[in-house]
Amino acid sequence: MSGDYEPLLLVHGLTYSSHEFNVDYKDYSLAKYFARRNYDVWLLDIAGYGQSQEVEDGFMPNSDYAAEDIAAAAKFILGKSKAESLDVLGWS
């Protein structure tokens with residue numbers, strides 16, 4: 001992990017994208033808020049949403065896809081940061 005920053009994964013629900021965490025209107029970005037408070041902020045777009053790839057089987061993502069994506073993202077972040085744990089914040 002670099003410096004004293006704790007990893008934080010922000011996860012959107014199945015009706016939007018990670019953009020909701022970084023709406024850059026005045027000073028209202030939640031991602032920037034946490035970054036200024038010593039978090040290494042990661043934004044996740046669930047498969048089929050935002051800037052992610054489309055789901056290969058053509059079906060709309062559901063909570064099963066989301067759980068797999070979140071687990072894969074958490075594993076990746078922990079590997080990159082060398083942290084033992086990470087915080088996850090999400091809503092739907």
Side-chain angles (χ1 to χ4, degrees):
M1 184 167 60
S2 60
D4 293 328
Y5 288 84
E6 297 293 327
L8 171 64
L9 174 60
L10 300 178
V11 181
H12 66 87
L14 294 179
T15 57
Y16 209 60
S17 74
S18 66
H19 174 72
E20 69 183 311
F21 297 113
N22 196 26
V23 175
D24 202 10
Y25 175 74
K26 296 185 181 181
D27 196 28
Y28 295 116
S29 167
L30 188 61
K32 290 178 185 175
Y33 173 87
F34 282 112
R36 288 190 299 264
R37 284 158 179 79
N38 294 335
Y39 284 93
D40 184 17
V41 180
W42 295 76
L43 303 176
L44 172 66
D45 276 325
I46 301 297
Y49 290 87
Q51 296 181 21
S52 70
Q53 296 177 352
E54 290 189 27
V55 178
E56 291 180 12
D57 64 12
F59 290 101
M60 281 301 294
N62 58 26
S63 58
D64 292 335
Y65 281 110
E68 290 174 13
D69 286 352
I70 295 165
K75 183 177 179 180
F76 176 83
I77 293 165
L78 289 171
K80 284 288 196 182
S81 68
K82 306 293 191 245
E84 293 182 17
S85 64
L86 74 144
D87 292 315
V88 177
L89 172 65
W91 60 69
S92 182

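No hydrogens, no waters, no symmetry mates; every other heavy atom, side chains included, goes into these values.
Residues W91 and I70 do not share a hydrophobic cluster, clusters being chains of Ile/Leu/Val/Met/Phe/Trp/Tyr side chains in contact below 4.5 Å. Both V11 and F76 belong to a common hydrophobic cluster when Ile, Leu, Val, Met, Phe, Trp and Tyr are linked at side-chain heavy-atom distances under 4.5 angstrom.
A 6.0 Å sphere centred on OH of Y39 holds no more than 12 heavy atoms belonging to other residues, nucleotides or ligands.
In this structure, L30 CG and L10 CG are separated by 6.0 Å, a value rounded to the nearest 0.5 Å. Considering CG of D40 and CG of D87, their distance stands at 11.5 Å, rounded to 0.5 Å. We find the CG-CG distance between N38 and L8 to be 12.0 Å, quoted to the nearest 0.5 Å. Here S85 contributes atom OG and E6 contributes atom CD; the two are 7.0 Å apart, rounded to the nearest 0.5 Å.
L78 approaches A83 most closely through the heavy-atom pair CD2-O, 3.5 Å. The two residues I77 and P7 have their closest heavy-atom pair at CG2-CB, 3.7 Å. A31 and L43 make their closest contact through CB-CD2, 4.2 Å (heavy atoms, listed as atom of the first residue, atom of the second, distance).
In this structure, the side chains of H12 and L44 stay at 4.5 Å or more apart for every pair of heavy atoms.
Residues satisfying the side chain to side chain donor-acceptor pair (under 3.5 Å) test with E68, not counting sequence neighbours, are none.
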Derivation of the ring-ring contact (aromatic ring centres under 6.0 Å, His included) call for F21 and W42: CA-CA 10 Å; F21 297 113; W42 295 76; over 10 Å; no

